[in-house]
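Encoded as structure tokens, the structure appears first; notes follow it.
Just so you know, ligand 1 is whichever comes first in the structure, and atom 1 is the first atom listed for that ligand.
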Amino acid sequence: MSWHDEPIGIMRNASIRAKLSGAIVFVMLLIAAVSGLGVAQIISVNRVTTEIREVRLPQVELLEKLRRLALQHNLVVMRRLQVIDYRNLAEIDASLNETRLDLNTASASFKATISSPEEARLFAIFSHAWEIYLASLDQVNDAIDSGELEQATEYANGTTRLQYQAAVNELENLIAYAKARSEDAAARASTAVSRAVTQSLIALVIASLAALGAVFWVQRNVSGPLRNVAHAMRRLTIGDHTTPIPEPSPRRDEIGVLLFALAGYRDALIHSREFARNAEREWERLRAAVANMPVGLSMFDASDRLIICNRIYCDMYGLAPEDTLRGRTHHEIFADAFRHGGIYVPVAEVLAEARSSHSGTTHFVYETSDDRILSLGIQNIAGGGWIAIHEDITARRRVEEKIRHMARHDALTDLGNRLLFRDSLEDALSEISDKERIAVLCIDLDRFKNVNDTLGHPVGDALLQAVADRLRSCISQNDIAARFGGDEFAIIQLGPVQQPEAATDLARRIVRIVGEPYEIDGQQIIIGASVGIAIAPLDGSNADTLLKNADMALYTAKADGRGVYRFFRDEMSLRSQTRRLLELELRRALISEELCLHYQPMFSMDNREIIGFEALLRWNHPTRGIVAPNEFIWLAEEVGLIVPMGQWVLEQACRDAASWPGHISIAVNVSPVQFRERTFADQVLAALAASGLEAHRLEIEITERVLIADTSMTLAILQRLHEIGVRIAMDDFGTGYSSLGYLRQFHFDRIKIDRSFVADLGEGDQESLAIVRAVASLSSNLNIATTAEGVESEQQFERLRAEGCDTVQGFLLGMPVPAEEVSRMFAEGGSAISAA
Ligand SMILES: Nc1nc2c(ncn2[C@@H]2O[C@@H]3COP(=O)(O)O[C@H]4[C@@H](O)[C@H](n5cnc6c(=O)[nH]c(N)nc65)O[C@@H]4COP(=O)(O)O[C@H]3[C@H]2O)c(=O)[nH]1
């Protein structure tokens, strides 16, 4: 604000009270001024009229009197001149003296009223002229007294008259002056009156204007804004918060404060409306959330009266809509429901506990009379009230129980699993006395793998369940049976029993009962059981050692011909160590190139010419010499080494075959474990590409085990290989349960009749002959080549030829030989080498 704005600013900032007070004071001052002016005018007029009344008029009157007396005096003087009778003279003189005295008195009176020098001067002139006249009159009197009447008359008519006239003239001057002064006073009085009237009118007009201004100002600055405020207030209160409110910022007075407050009120109103709307929205959301909650929910206020609840809550306790009206207490709700046959809900108890608990939360699980498990959680709300979450956890509890059970039980057989077994064993071990003994029996099924592989998993599963039932029937109530997975079972035989006799009995029972035939899916299945036994505390004082030792005993039992039981002996751990050593050696063999391939030729039945070779893996052991694949392939499969090993075989065989004549094929054995690799087909492609071997010269030999593992993926891989041009042969045909079935699933290029049938041919076994004949005929019909394996004699050869086999393989025509030998043969004999 600049210096000249300051008063305006102060005015603007002044309160209405101050402004109104100012206006009233101003009007009062105006009225006082008008009144003062009037009084002053009245005083002025009064002064002038007083002057006229008390000074001017008396003066004029006195002067008139003086003139009259002077005239009278002159007349008396004149009459004295004419008096003849001396007797009348005294009377005239007396009159003359009286007139003279009156004159003196009037003069003195007039003199007393003189108020200006001019008056004094004129009066002095008159007095002087009158003195002169009186002096000349004395001459007249002297002449009269001396009887010189003529002289006296002359004097009187001459000088004295002149003197008299001069004095009277002066008096007239004085009278004229006095009158002029009177008129002047009268004029002044008149002026004062008219000025007073004018000023009064002006003051009146100003006062009226001021009053009007004040009224206008009040109207504009107070009443108007107040009316606007009242209007805005009315609009706001009926909900129209868009009503405009004058900007309060320029005003600092009460109206400004009021407008400011009103704007604040409107903002607060908008805010509170918004708040109310939000609250309503929140409430709707809360209702929706509560309604859609997967659990029962009820919310009560500080007086335990219901605010909100959902349908699950009502359904859970069978509450009718009228039971859950807003405002009902939980006591009313549940007491009514309970009376009408509902269940008892311990809300009061849980609530009391929640209120006394430090956290304000309580959770309670209870079982209802209708066999449900309900969970009731109560949470106090800050500021009063509480929320109750009601959940029917029956299903969850059952699932939890099931999960707990499943965590410690085998899903297929419902026997305990390894975890339960181990814990139970630890518990039992921790409790046995010095004299007590505990037997741990590890059981493995003989030939189960074969059943599973050939008859399929469903049959295998059914068989395992049947075995589990039989095991249950073998043990006593105290004993614990478990399945560790696959066909591995175990039993804890607890006291009080005599060991090792009780374990021996149990093992014998198991071998006998498990070995009895099974009837599953219309098929009779015969398996056996091998049992390994360890006795605590002699063979171990903890679960792990006991299990390990029982397992070693089992391994021995299986190695000893299956269907037997063996107790653990110390030397068994040595055998187990040997297995571990073999694994280590095999790993090393792969890295240090101890593996090599021998190739066994396959011959055409017609002309005994080599049509191809089968690659057979050999381990050139540093100390043991050449080791046959049957001694290590199973371990390589168990520990997964077969994958890199098989890949090496594939690559090496392709490499070697690529150097052979173009019509010579190469057959490579592939383990089911290799088919678990989705990339197997890519590995084959890579081997072909790396070696340059044409795809049709490669033949992949698989057994039924490959197809059993995962038929869909396996078939896809086989299909892809087929598409590439690779030939697929089914090895060991006839040894499994479903060899024929697989012929339907995939079109094999070759069937290799297992050498067990060929061997029996020589013995004249009619069954084997029939099988060979059937396979040969089937292959011929399906346009599949047949190779008979393990042909050792001419007799077998001839019989196979008679049955229509295409190709043969066996020691009769060619042993497996190293690659160099094959190369040498080709180098010597060209592409058509005859064996033998
Ligand atoms: N008694 C007798 N035996 C004969 C005769 N002719 C051939 N054999 C033998 O029969 C086996 C034929 O191979 P297979 O049936 O595929 O049986 C193979 C095959 O299943 C597996 N195998 C060999 N090499 C590999 C390989 O590289 N990978 C995989 N996964 N398995 C292989 O090991 C098995 C045994 O192989 P080998 O010990 O080399 O034994 C070979 C061979 O030496 C005969 O006239 N009389």
Interfacing atoms of ligand 1 (cut-off 4.0 Å, heavy-atom, Gln600): 6 (N), 7 (C), 42 (C)
With a cutoff of 4.0 Å, is His598 in contact with ligand 1, counting heavy atoms of the residue only? no
Could you see which bit of Leu617 sits under 4.0 Å from ligand 1, with heavy atoms only: side chain, backbone, both or neither? both
Specify the closest pair of heavy atoms between Thr786 and Gly804, including all atoms of both residues, with the distance to one decimal. OG1-O, 4.1 Å
Can you tell which part of Arg618 has a heavy atom less than 4.0 Å from ligand 1: side chain, backbone, both or neither? side chain
Short list, please: which atoms of ligand 1 are under 4.0 Å from a heavy atom of Asp731? 14 (P), 15 (O), 16 (O)
For atom 13 (O) of ligand 1, is there a protein heavy atom at a distance under 4.0 Å? yes
If we set the cut-off at 4.0 Å for heavy atoms, which region of Arg755 has an atom near ligand 1: side chain, backbone, both, or neither? side chain
Is there a side-chain contact between Asp487 and Lys449, using heavy atoms and a 4.5 Å cut-off? no
The test is side-chain hydrogen bond (donor to acceptor under 3.5 Å, both in side chains); show your working for Asp469 and Gln465 and say whether it passes. CA-CA 6 Å; Asp469 289 341; Gln465 284 168 335; over 6 Å; no
Hey, are Arg727 and Glu699 close enough for a salt bridge, meaning a charged N less than 4.0 Å from a carboxylate O? yes
of all protein heavy atoms, closest to atom 5 (C) of ligand 1 is Phe811 CE2, 3.3 Å
Go through ligand 1 atom by atom and flag the ones less than 4.0 Å from a non-hydrogen atom of Glu614. 13 (O), 14 (P), 16 (O)
Below 4.5 Å, heavy atoms only, C-beta onward: do Phe603 and Phe797 meet side chain to side chain? no
Go through ligand 1 atom by atom and flag the ones less than 4.0 Å from a non-hydrogen atom of Pro816. 43 (O)
Taking only heavy atoms of Val649, which atoms of ligand 1 are found under 4.0 Å from at least one of them? 27 (O)
Just verifying a value: how many Å separate Phe484 CZ and Leu419 CG, rounded to the nearest 0.5 Å? 10.5 Å
What part of Ile633 sits under 4.0 Å from ligand 1 if we count only heavy atoms: the side chain, the backbone, both or neither? side chain
Lys/Arg N to Asp/Glu carboxylate O, Arg705 vs Glu637, below 4.0 Å: yes
Mind checking whether Glu792 has an N or O less than 3.5 Å away from an N or O of ligand 1? yes
Begin with the C-alpha distance, continue with both residues' side-chain angles, and end with the deciding distance and a verdict on side-chain hydrogen bond (donor to acceptor under 3.5 Å, both in side chains) for Ser530 and Asp444. CA-CA 5 Å; Ser530 302; Asp444 197 279; over 6 Å; no
Among protein heavy atoms, which sits nearest to atom 35 (C) of ligand 1, and what does the distance come to when rounded to 0.1 Å? Asn630 OD1, 3.6 Å
Is Glu821 salt-bridged to Arg824, going by a charged N under 4.0 Å from an acidic O? yes
Nearest protein heavy-atom contact for atom 37 (P) of ligand 1: which residue, which atom, what distance? Pro629 CG, 3.7 Å
Give the minimum heavy-atom separation between Ala482 and Leu415, together with the two atoms involved. CA-CB, 4.0 Å
Report the part of Thr703 in contact with ligand 1, treating N, CA, C, O as backbone and CB onward as side chain, heavy atoms under 4.0 Å; options are side chain, backbone, both, neither. neither
Strictly below 4.0 Å, N to O, side chains only: are Glu798 and Arg801 in salt-bridge contact? yes
Measure the distance from atom 18 (C) of ligand 1 to every protein heavy atom, then report the residue, atom name and distance (to 0.1 Å) of the closest one. Leu616 CD2, 4.4 Å
What are the atoms of ligand 1, with element, lying closer than 4.0 Å to any heavy atom of Ser671? 30 (N)
Residue, atom name and distance, where the atom is the protein heavy atom closest to atom 20 (O) of ligand 1: Asn669 OD1, 4.2 Å
Return the orientation label for the Phe826 and Phe613 ring planes: parallel under 30°, perpendicular over 60°, tilted otherwise. perpendicular
With a cutoff of 4.0 Å, is Glu789 in contact with ligand 1, counting heavy atoms of the residue only? yes
Just jot down the ligand 1 atoms closer than 4.0 angstrom to any heavy atom of Gly790, in number order. 5 (C), 6 (N), 44 (C), 45 (O)
Any side-chain heavy atom of Phe811 within less than 4.5 Å of one from Pro816? yes
Heavy atoms only, cut-off 4.0 Å: how does Lys752 contact ligand 1, side chain, backbone, both, or neither? neither
Under a 4.0 Å threshold between the charged nitrogen and the carboxylate oxygen, would Glu583 count as salt-bridged to Arg587? yes
Give the contacting part of Ala759 toward ligand 1: side chain, backbone, both or neither, where contact means a heavy-atom distance below 4.0 Å. neither
Would you say atom 46 (N) of ligand 1 has a protein heavy atom nearer than 4.0 Å? yes
Working to the nearest 0.5 Å, report the span between CZ of Phe748 and CG of Leu743. 7.0 Å
Between Asp732 and ligand 1, find which residue part has any heavy-atom pair under 4.0 Å and reply side chain, backbone, both or neither. side chain
